[in-house]
Each structure stands twice: as C-alpha cells, then as structure tokens.
Amino acid sequence: MLEQWVFILVFGIVALGTPVAAIIVGRVIGPRRPNPTQQSTYECGMQTVGDAQKQYKIQYYIFTLLFLAFDVEVVLLLPWALAYNQLPLFALFEGAFLIFILAVGLVYVWRKGALEWR
Amino acid sequence: MPNLPVAAEIGSGPNPDEPLSIIVAAVLILLIAMGTLIFNIWFERKQVARVQDRLGPNRVGPWGIFQTIADVLKLLTKEIIIPSQIDRLTYWLAPVLAVGAVIMIWAVVPLSPVAIGSDLNVGALYFISISSLGAVGVLAAGWGSNNKYALLGGLRVIAQMVSYEVPLMLSLLVPVMLAGSLSMQDIVDAQGAMWYFILAPVACLIFTTAGQAEVARAPFDLIEGESEIVAGHHIEYSGLAFAMFYLAEWLHSFTLSALCVTLFFGGWQGPFAVEVPALGLLWFFLKTYAGYFILNWLRYTVPRVRIDHMMSFNWKFLTPIALVVLVMTATLEKLWPALFPVDPGRPGFIQSLPRAGILFLANLVLVGVVIMILRQVARRERQRVEDLVDEGQYSAPAPMPEPVEV
Amino acid sequence: MPINLETIAFTLFAAMCVGGGLGVAVLRNLFHAALSLLLALFGAAGLFVLLSAPFLAMVQILVYMGAIAILILFVIMLTQQVIVPEPYNRQWVLGALAALVALGALFMVIAQLGGGDAPYLQPQPLAPEVSDSGIAALGSDLVDPGRYLVPFEVAGLLLTVALVGAISIARED
C-alpha cells in the first residue's frame, strides 16, 4: 500500500527535477547579454505603462466559488459512485437527491444571471 | 476488491523491495513520456501541415523527422531573457510546476498489463488532483511575469481550467461507477469485455471536450489567445524556460488522449494483451495515437471560441448534461440486473451485451433530447433577433456579394 | 526512531508543513505567503499518505490546493496592496505568547500520556491495507441511514446555501 507511494515520491522528484535541470542547462549554455531595453516588460513594443499587479474584476472570483462548491460535491459523490454496485437500491435516490440539491443551486445561479460573462 | 479476479495476477508496478528498480522505472516512464513527446511534436506539425494544405517540416532527416531535435538544440543556445520587473520566486516556480504536474500524471497511466508506474487505489482521483496543480503553475506564470497580457492569461486560467474541471470530474464518476474502483488498472481490467465508450458515450464526449479545455488547446486556447493577449501566461519566457510551457502543453494534450483511452477505450485491452503484455503496450499506443490524431484534427479545424461562449458552454451545457448522465447511469445500473439477471463474476462479451445495450440506447435517447432542446433554444434565439430587426433595433447584415468571375 | 524511508518522508513532509506555515505568517509578499500555504497543504497531504489515508490525501490536494488555494491566490490579486510593508501589528508579542502556551499545553498532554514511551507513539505496524474496500466502505457508510446519510445530504444542502450566499454577496449589483 505505502510502497506504491514510494514510486510516486521518486517519480515526483524526477518529474520536478526535469524542468529544473532543463532551465539550468539553458542558462549555462545560452548566452547572457542583458540590457535595459531587452529586460523591459513586453507591451507591444511600446514603453511599459505602470505595474501589472493591479486589481482585476471580481467576475473570475465568482466562477471560482462556483467551482469550489461542485468540487466538494464530486468529492462527496466519489465514494458513493465507487461503492455504488454493492449498495442497495435506496442509494440511488440518496445520490440523486444530492445531485438534485446541487442542480437547484446551479439553476438559481443561472436564473440570477451570474453565469453571464460581462 | 469487487469481482476482478484478474487484477490479482496483474503486476502492479516496480518491486518496492528494490530501490534501484523504482528509480529505473521512474526514469523509464519519464523517457517514454519525453520520447513520445519528441515524436509527437513532429507528428502534430506534419498533421497540421496536411490540414492546412502545406508540407510541414521536411528538411532535417527523412520527412523532417529530426526537426524537433534541431529545434531543441536551437532553443538550448538561446538566451533566457529575465525581465527586470518580475517576481523571481513565482517566475521560476511556474514552469517547474506546469511541467512537473503533467509528467506526474504518467505515474498512474497503465501502459500494459504489467507496466504501470504505480497502481494506486486512488489513481483516477490522483490524476485529477495533480492536473489541478498545473493551473497553479499557469497562474503563477501570469502573476510572476508582472506583465498585463500574462496576468490576463493567468486570470483566464481561473475562468477556464477551473470551470471545466467540474464536467471533467463529473464525467469521470461514470467509469468509476461502472468499474467500482478508482484504480486505473482496475478500470482498464473491467473493460475486458466491453469498452466504456459503448456504455457511456456521452460521458466520454464530455470528458474529452472538458479535457481539451483543461489542456487549453483550440478551440479553448483563450489562455494564449494570440490575437488578444499576445501569448498569455508565457509571454515573458524565452529560451528553454519558454520550452517548458510548450512541453507542458503538448505533453498534456497527449496525456489527455492516453487518459481517454484508459478510461473509455479499454486502455491496453486488445487481442492477446493479457497473454503477451508487450502487445498491450502496442494496443495502448495505437489507441492513444488515434485519439491524439482526432484531438489535433479538432484543434486545427475549429476556430477559437469567445470567452462568454466558453463559460456558457461549460456551465449551461456540459455541467447539466454531466449531472444528467450521472443520474441516468446510476438508475440504469440498478435497473438492468433486475431485467437481465446474470451470474456475478467476470462477464464475457455476450453477458455484457444487455448492460451495454441498455446504457448505449439510453445515451442515444439523451443525445436526441439534447439536440431537440438545442433546436428549440436556437429557434427562439433566431426569432428574438428577427423581432429586434423588425423593430428596427438591428440592421440585418448585408447579403454576401456575388462572387466575381475573374 | 529507526531511520528508514518512512521516517525520512515524515521529516520531509513535517518540515514542509511547519516551514510553509511559518512562511504564511512572516512573508511580506502576500502572493509568496499563499504559495507557502500551498507548500504547507502539500506537506499535510504527504502526512495523510503516510497515515495510509490516500483518499484523504488526494482530496486535500484536489480541494485545498486545487480550489481553495487558487481562490486565495485570486483574492490576493483582487487586493490593493500585495506587498505588505509591515506584516506585524502590535499584538505579535501576545500572539507569540499564546502560541507558546498552546505548544506547552500540547507537550504536557503528551508527557501526561507517557511521553515518548506512549504506546501510540511507538512505530506501529502499518494499518491493514486500506484498499478500494476502504473507500467503498466510506461510500456505503455515507448513504447508510443509520450512519452518515443525514450529514451527507446536509452537506449538499450546505453547498447550495453557500453557493447562493456567495452569489448574492459577490455580485456587483
């Protein structure tokens, strides 16, 4: 059981090591002739205006919240789906009811117009 | 372990008692992923060239097959430009996370009956969670670059990769329910008699579509959107650092095909695959390349969608259908054993026919209903626009000019 | 404590948790603090794996790192000032004191129960294989009216309420 994860650990180190090694090799082999123009932030060839790390619109945030709710729902449903074939018929209605509750939430959000991109 | 006698005989990865075998296996899987990638870039460039009616790479080696290697060598000698305004930690973390997350998925993909990195009992959940980490990498690239286009690209990640994860996970629940396991090897094993594409075609389509959006490839490549935000999140990366994002995207696309094949097209299953494991490897890669070909075909045929369409498509179309498919599959899974009582145990092809037939027909009916609803919605929308034109709020588009004979 | 792969991994993940938590508290750049939170969460996932709870570990990565951390990163993008000039206020002394007291209390509890010789602190044989059947058992418990059926459905209801609440608060109009 735990042995399975040893491989994941080793493979994770290998997988993260690959890009690190590649970038280091690139920096060693590649030339390095920095100058202010080359290092300036790209903005269609114009002078860079201001900083980019500013406030942005909240729209993206709402969708992340929506995602979070469905994410947790899927996590709840996963053990149910996995065990489904060994469960009694009653489990069908229980799972369907959970999905129905979430669907009501989705419909509410939809009717409220929060799914429109503006 | 539910009714899977073969699973016990199937090897489940490298021997944990020998540290060397683990390291060898890890490097081997990495090499398989990287080796196919080098080939895939050539494969895809040749394919897109044919789609666009040109020749594609044809100078380096026969049919230009060494073009990718030449490109890698060129990228190696290029300067990695480090912009002065970046946030260093975030900037360098991003490519590492993006590539690492994609490579790590390959740890649970069953390549053949005996070749799998690690047959985790939570394999399907593992690949979903690891690929959600890739979104963090892209977001970090967007913010760390301190560039407006990059940040917009990074923000679109939240809107897109995160949203499309919902139908992706919901459609993943269907094969999990059918197989009664989260282990990738078990899911493949359960498809010995019948591929899940027959049992759950709609779930397969949803998974592929949402996956294409997760990978952020056309028609869902808004994260890069060359015409709007130049290159999106990787605008400030150059040389091998840029190559890392390139690598992550192309490998992710191939990985999506591999996951699709594993979950819905029987993975390594094929004639004599259980007896001769090497043949399983062949079947697996044949199917994966077929899927990859179709995904590329889609990519180079369909134009990029608009961002509001992209969000509506996810939340108003894919997610509700995924919910319906899940409930429908659950209902029928309880219904068919009552109608056609079969002996439990490993079903053969004939025994799995009633189950497959019922589920397939139900899926067809669902597709029909969805098409009818779509037609209804489209008719209403056309009527609405016509009314607006009649009220003079809109001017109808001018008719296309007649083609001029030259 | 015997030095084997398990203890090395435990040390690694525990260090991730503590280091990440420390980073969250002291880093002046909020974005870096959030990334360090990611590290702490990952360490916790690793510890869950060591406790033979892979399902929980994966849920930890999926929900906390893949969704909540992204939410936090995004909230930071919404804020005016990402780099906080002074991350401490005058209550830091009090805070440090409270943390020390809590740590001391924990140590006392452990010492009361027998310190390093407590039976449950000894290296345990691994929990019996928590395989598919473990997750399946969780699934059947979740929908068993005698066990967790009510919490299961209430959780769904709670999610919907949270959804409705979030939309009404976050919407601009």
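Just the heavy atoms: all of them, side chains too, but no hydrogens, waters or symmetry mates, feed the values below. In what follows, chains are A, B, ... by sequence order, proteins preceding strands, each numbered from 1.
- Contact annotation: the side chain of B:Ser163 never approaches that of A:Phe67 to less than 4.5 Å [non-hydrogen atoms, C-beta and beyond].
- Among A:Val109, A:Leu92, A:Val10, A:Val28, the residue with the largest count of heavy-atom pairs under 4.5 Å with chain B is A:Leu92.
- Within the 4.5 angstrom heavy-atom criterion, only backbone atoms of A:Pro88 (N, CA, C, O) approach chain B.
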Give the intermediate values and the outcome of side-chain contact (heavy atoms from CB on, under 4.5 Å) for residues B:Met169 and A:Leu77. CA-CA 10 Å; B:Met169 290 190 296; A:Leu77 281 174; over 6 Å; no
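- Proximity of A:Ile8 to B:Met104: side-chain heavy atoms (C-beta onward) are separated by under 4.5 Å at one or more points.
- Residue B:Ile128: no heavy atom, backbone or side chain, is found under 4.5 Å from chain A.
- Most heavy-atom pairs under 4.5 Å with chain B, from the set A:Leu68, A:Leu78, A:Leu87, A:Val25: that is A:Leu78.
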Let me see the working for B:Ile29 and A:Phe11 under side-chain contact (heavy atoms from CB on, under 4.5 Å), right down to the final yes or no. CA-CA 9 Å; B:Ile29 292 182; A:Phe11 194 64; 3.7 Å; yes
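- Within residues 97-107 of chain A, the residues approaching chain B closer than 4.5 Å by heavy atoms are, in numerical order, A:Ile99, A:Ala103, A:Leu106.
- The minimum heavy-atom distance between B:Leu240 and A:Ala22, with the atom names listed, is CD1-O, 3.0 Å.
- Taking all atoms of both residues into account, the shortest heavy-atom contact from A:Gly26 to B:Ile80 is C-CD1, 3.8 Å.
- Of the listed residues (B:His309, B:Lys316, B:Met34, B:Lys78), the greatest number of heavy-atom pairs within a distance under 4.5 Å of chain A belongs to B:Lys316.
- Aromatic ring centres of A:Phe70 and B:Trp315 lie closer together than 6.0 Å.
- For B:Leu326, the part lying under 4.5 angstrom from a heavy atom of chain A is the side chain only.
- Screening residues 75-91 of chain A for salt bridge (charged side-chain N to carboxylate O under 4.0 Å, His left out), with sequence neighbours left out, gives no hits.
- Both the backbone and the side chain of A:Leu66 come within less than 4.5 Å of a heavy atom of chain B.
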side-chain contact (heavy atoms from CB on, under 4.5 Å) assessment of A:Asp71 paired with B:Val166: CA-CA 7 Å; A:Asp71 207 24; B:Val166 173; over 6 Å; no
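- With a 4.5 angstrom heavy-atom cutoff, A:Ala83 does not touch chain B via any of its atoms.
- Stacking of B:Lys334 on the aromatic ring of A:Tyr84 is recorded, both the 6.0 Å distance cut-off and the 45° axial limit being met.
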Walk me through it: do B:Glu333 and A:Asn85 pass the test side-chain contact (heavy atoms from CB on, under 4.5 Å)? CA-CA 8 Å; B:Glu333 276 289 278; A:Asn85 283 329; 3.2 Å; yes
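- Taking A:Pro19 as the reference, B:Val96, B:Val99, B:Met244 meet the side-chain contact (heavy atoms from CB on, under 4.5 Å) condition, with sequence neighbours excluded.
- Between chain B and the residues A:Val20, A:Ile23, A:Val14, the most heavy-atom pairs under 4.5 angstrom are made by A:Ile23.
- Evaluation of the side-chain hydrogen bond (donor to acceptor under 3.5 Å, both in side chains) rule for A:Trp80 yields no partner, not counting sequence neighbours.
- Taken to the nearest 0.5 Å, the CD1 atom of B:Ile82 stands 3.5 Å off from the CZ atom of A:Arg27.
- Closest of all the heavy-atom pairs between B:Ala26 and A:Phe7 is N-CE1, 3.6 Å.
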